[in-house]
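These notes concern the structure reproduced below.
When reading the values below, keep in mind they use all heavy atoms of this one structure, side chains included, and skip hydrogens, waters and symmetry mates. So that the names make sense, note that chain A is the first sequence line, chain B the second, and so on, each numbered from 1. As the structure is a prediction and not an experimental result, all values here were calculated from the model.
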Number of protein chains: 2
Amino acid sequence: MEKKDAIAALAALAQETRLDIFRLLVQAGPEGLAAGHIGERLNLASATLSFHLNQLRHAGLAGFRREGRSLIYAAEYAAMNTLLAYLTENCCQGDSAACGAGGCDGSGVTDAAQIFPGD
Amino acid sequence: MEKKDAIAALAALAQETRLDIFRLLVQAGPEGLAAGHIGERLNLASATLSFHLNQLRHAGLAGFRREGRSLIYAAEYAAMNTLLAYLTENCCQGDSAACGAGGCDGSGVTDAAQIFPGD
DNA sequence: TCCATATCTCCATAGAGTTGGAGATATGGA
DNA sequence: TCCATATCTCCAACTCTATGGAGATATGGA
């Protein structure tokens, strides 16, 4: 993952409305939710909702499919895993002694970051 | 963790300079780095550096201690774990069938998010 | 005490992000 | 084809954020 992608994903989540949307999608699971449904649940104007869904989509954190007149949005778990790996890359310079003692897991890499299996 | 804390942490990381600083601290490990050292490595004006270090600190992602004339900053791993747990809270409504198939780990809770042990 | 070093705070400017009204577009049914 | 529904795009006003110069503050040594 490149820096700009990580920043895009973090910025997408660093906003109350989008964080609410994302968590709603995470809770909804892979089946997702219709845009209108999300708007109702969070009480959002359609322009506002559309804007934020686009941000999440462009950041790679949400995908969508059409079902009749509805667009169904769902969280992209893989993107989250990639982001976490980026954040912990080369943790403690791979020095497992330092890592284990004070902080991370000492792997220096971070497959452990896959909190959302399913990639 | 409350929503505002999560947003503060995400917003802190969603900025190129701060993301660079944070990753540098993660790589440095629990011993941390002096502010001046960070500024040199990333070529930042002192006002700019100070501003961003404060943002990270207020977001709970970095702590510091004084050592002589230097302030040594270090990443706060626990805060990251808390943030991840918040993001994945009640994932897939705890429905492990849906979770396992399409995305997360089905736990519905997220101790699995502790990619930075050491809390 | 006086100076150099390390870092911080204040402030003004420039730039980026958020919101919602109005209207456009796409789908499904009569 | 015509209409209702679901969602999107455009735009303008407003608000928040980042940057860096200038100067303040704290520590250590002579």
Side-chain angles (χ1 to χ4, degrees), chain A residues 3-25 28 31-76, chain B residues 3-25 28 31-76:
Chain A
K3 195 196 291 182
K4 67 176 179 51
D5 300 318
I7 289 175
L10 289 163
L13 293 175
Q15 206 279 335
E16 181 163 10
T17 303
R18 284 194 295 269
L19 184 55
D20 286 341
I21 294 174
F22 183 75
R23 297 219 313 151
L24 203 54
L25 292 178
E31 289 187 12
L33 288 174
H37 192 172
I38 298 170
E40 271 173 34
R41 291 271 288 268
L42 301 178
N43 194 227
L44 299 171
S46 88
T48 301
L49 174 64
S50 185
F51 171 75
H52 289 303
L53 285 173
N54 258 311
Q55 299 287 107
L56 287 172
R57 206 154 54 75
H58 283 127
L61 293 170
F64 72 101
R65 64 180 191 279
R66 181 174 279 282
E67 251 178 43
R69 275 173 290 198
S70 298
L71 294 186
I72 312 291
Y73 286 83
E76 291 283 358
Chain B
K3 195 196 292 183
K4 66 175 179 51
D5 300 318
I7 289 174
L10 289 163
L13 293 174
Q15 206 280 335
E16 181 163 10
T17 303
R18 285 193 297 267
L19 183 55
D20 286 342
I21 294 174
F22 183 75
R23 299 219 313 153
L24 203 54
L25 292 177
E31 289 186 13
L33 290 175
H37 192 173
I38 298 171
E40 270 173 34
R41 290 272 288 267
L42 301 178
N43 194 227
L44 298 171
S46 89
T48 302
L49 174 65
S50 185
F51 170 75
H52 289 303
L53 286 173
N54 258 311
Q55 299 287 110
L56 287 171
R57 206 155 54 74
H58 284 128
L61 293 170
F64 72 101
R65 65 182 192 278
R66 181 174 278 282
E67 250 178 45
R69 275 173 288 199
S70 297
L71 295 186
I72 312 289
Y73 286 82
E76 290 284 357

Ionic contact status for A/R41 with A/D20, cut-off 4.0 Å: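 Looking at A/D20 and A/R41, the cut-off is not met.
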So how far is it from [X] [atom1] to [Y] [atom2], rounded to the nearest 0.5 Å?
| X | Y | atom1 | atom2 | result |
| --- | --- | --- | --- | --- |
| B/Q15 | B/I21 | CD | CD1 | 8.5 Å |
| B/E76 | B/F22 | CD | CZ | 9.5 Å |
| B/E16 | A/I7 | CD | CD1 | 5.0 Å |

Pairs involving residues 51-65 of chain A, ordered by first then second residue, that meet salt bridge (charged side-chain N to carboxylate O under 4.0 Å, His left out) (sequence neighbours left out):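 Qualifying pairs, neighbours excluded: A/R65-A/E67.
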Closest-nucleotide ordering on DNA chain C, the 5'-leading residue of A/R66 and A/Q55: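 Its nearest nucleotide being more 5', the pick is A/Q55.
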Min side-chain heavy-atom separation B/L49-B/L42 under 4.5 Å: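 No; the side chains remain at least 4.5 Å from each other.
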pair A/I38-A/L53: side-chain heavy atoms closer than 4.5 Å: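 Contact flag for A/I38/A/L53 side chains = yes.
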Rounded distance in Å - CD1 (B/I7) to P (D/dC16):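 Checked: the CD1 to P distance equals 14 Å.
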Protein-nucleotide distance (B/H58, atom NE2; D/dC16, atom C1'), rounded to Å: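 Distance check: B/H58 NE2 to D/dC16 C1' gives 17 Å.
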Nearest heavy atoms of [X] and [Y], plus distance in Å:
| X | Y | value |
| --- | --- | --- |
| A/A28 | A/L33 | CB-CG, 3.8 Å |
| B/S70 | B/A34 | CB-CB, 4.2 Å |
| A/A14 | B/A14 | CB-CB, 4.4 Å |
| B/E31 | B/I72 | O-CG2, 3.4 Å |
| B/L13 | B/L19 | O-CB, 3.6 Å |

Angle between terminal axes - the helix from C/dT1-D/dA30 to C/dA30-D/dT1, 5 pairs each end, rounded to 10°: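 Computed angle between terminal axes is 30°.
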Of residues 41-54 of chain A, the positions that come close to DNA chain D - non-hydrogen atoms, cut-off under 4.0 Å: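 Output list: A/S46, A/A47, A/S50, A/N54.
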Close approaches to DNA chain D from residues 67-75 of chain B, in residue order (heavy atom, under 4.0 Å):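 Of all residues in residues 67-75 of chain B, the ones placing a heavy atom under 4.0 Å from DNA chain D are B/G68, B/R69.
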5' to 3' contact window, DNA chain C with chain B (heavy-atom distance under 4.0 Å):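 Footprint of chain B along DNA chain C, 5' to 3': C/dA4 to C/dT9.
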By side chain to side chain contact (heavy atoms under 4.5 Å, CB included) - contacts of A/A12 (at least two apart):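 Partners of A/A12 by the side chain to side chain contact (heavy atoms under 4.5 Å, CB included) criterion, ordered by chain and then number, come out as A/R18, A/L56, A/A59, A/L61.
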